[in-house]
2 protein chains.
Amino acid sequence: MFSIGELSKRTKVKVPTIRYYEEMGLLAEAERTSGNQRRYDKAGLERLSFIRHARDLGFSIEAISSLIELQEHPDRSCETATDIAVSQLVDVREKIKRLKLLEKELTRISKGCDGHGISEDCYVLASLADHKLCGREH
Amino acid sequence: MFSIGELSKRTKVKVPTIRYYEEMGLLAEAERTSGNQRRYDKAGLERLSFIRHARDLGFSIEAISSLIELQEHPDRSCETATDIAVSQLVDVREKIKRLKLLEKELTRISKGCDGHGISEDCYVLASLADHKLCGREH
DNA sequence: TCTTGAACCTCTAGTCACTAGAGACATTAC
DNA sequence: GTAATGTCTCTAGTGACTAGAGGTTCAAGA
């Protein structure tokens, strides 16, 4: 059994975040000492590692809730889990696409200006003011 | 002179968002009719287009504030504007890098499961539970 | 001119996923 | 026993909006 601080160190999840996850129902309510402090065991550690990993991958708290529910009902098909992962993947790909467009435009914008002109001629400001200067669509 | 709704239509920025930008000081306080309704002119339209464009590119409200301040002092060098754009670019590139790692892992995860097994053997859940199954680092 | 209905006003509160701080109590090491 | 560190709950703040209540104003048609 270890304290919340210890759990925090092992999982690299901050202490208030652990309490927050408990409040949100992602973590079961921890056992307490006589002095009301939380104590965790291996199961708690594993559960929190799972949550952290899923968060790192960009899953929302809600999605993680669903995944945990699936874990707790092993009789159900894992189709739902796959669905969640796939929709997450679609999301990530969409984000990458958008960011690449932004990268292109920002590269163009920040190259256009040598940092010595006056603001009136600043390419950064001009580009932002006038969408027509873009390499199209976003 | 046109109303906030008209401005919203032309810029595709939602009405409450326009009011929010005004509150945040990105937009000057609009002129009002005798009945206290906001009225905008071409300058307001251009300013809001600038803001929207910058937001689309992921600039924070704070960064946009700085850019606007620069616009209003055309005597200053545009070095700062370039700095802001470049730091935005660095940010975007970092995000792309991270997202590509996630994409890789999510692809692997969602392919591992055919959606017919039971949850106990579900590759999605197993992958999330065990970071060791990852292609390393994140 | 009157009426109707859409658009507008302000204000408060909610979203997401935390983070920060206050003030009090518990645990641990010496 | 004492001091330092850790933990507790609670409230409020973050960023960039979004939603809703309850009231007012505007513009168009009869």
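Here the structure is a predicted model, which is why all the values come from computation and not from measurement. Chain naming here is simple, since letters A, B, ... match the order of the sequence lines and numbering starts at 1 in each.
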Looking at residues at least two apart in the chain, or sitting in another chain, which of them share a salt bridge (charged side-chain N to carboxylate O under 4.0 Å, His left out) with Asp41(A)?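 So Asp41(A) forms no salt bridge (charged side-chain N to carboxylate O under 4.0 Å, His left out) with any residue.
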Could you measure the distance from the CG atom of Leu48(A) to the CG atom of Leu26(A)? Nearest 0.5 Å is fine.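 One gets 9.5 Å once the value is rounded to the nearest 0.5 Å.
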For Thr33(A), give me all partners under side chain to side chain contact (heavy atoms under 4.5 Å, CB included), at least two apart in sequence or on another chain.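 In terms of side chain to side chain contact (heavy atoms under 4.5 Å, CB included), with neighbours along the sequence ignored, Thr33(A) is linked to Gln37(A), Arg39(A).
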When you check the gap from the basic side-chain N to the acidic O, do Glu22(B) and Arg38(B) get nearer than 4.0 Å?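 Salt bridge flag = yes for Arg38(B) with Glu22(B).
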Got a list of protein N/O to nucleotides 12-14 of chain D N/O distances below 3.5 Å?
none

Once salt bridge (charged side-chain N to carboxylate O under 4.0 Å, His left out) is applied, do any residues pair with Glu103(B), and if so which ones, sequence neighbours excluded?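 Scan of Glu103(B) (salt bridge (charged side-chain N to carboxylate O under 4.0 Å, His left out), adjacent residues dropped) gives Arg93(A).
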Arg52(B) CZ to dC17(D) C1': how many Å, rounded?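 Answer to the nearest Å: 14 Å.
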Can you name the residues that form a side chain to side chain contact (heavy atoms under 4.5 Å, CB included) with Ser60(B), not counting sequence neighbours?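 Partners of Ser60(B) by the side chain to side chain contact (heavy atoms under 4.5 Å, CB included) criterion, ordered by chain and then number, come out as Glu62(B), Ala63(B).
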Base contacts versus sugar-phosphate-only contacts with protein, heavy atoms under 4.0 Å: please encode nucleotides 5-25 of chain C as B, S and - from 5' to 3'. ---SSB------BBS------
Should Arg19(B) and Glu23(B) count as an ion pair when the cut-off is N to O under 4.0 Å?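 Salt bridge between Arg19(B) and Glu23(B), a charged N being under 4.0 Å from a carboxylate O: no.
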Side chain of Ser49(B), backbone of Leu45(B): donor and acceptor closer than 3.5 Å?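 Answer holds: yes.
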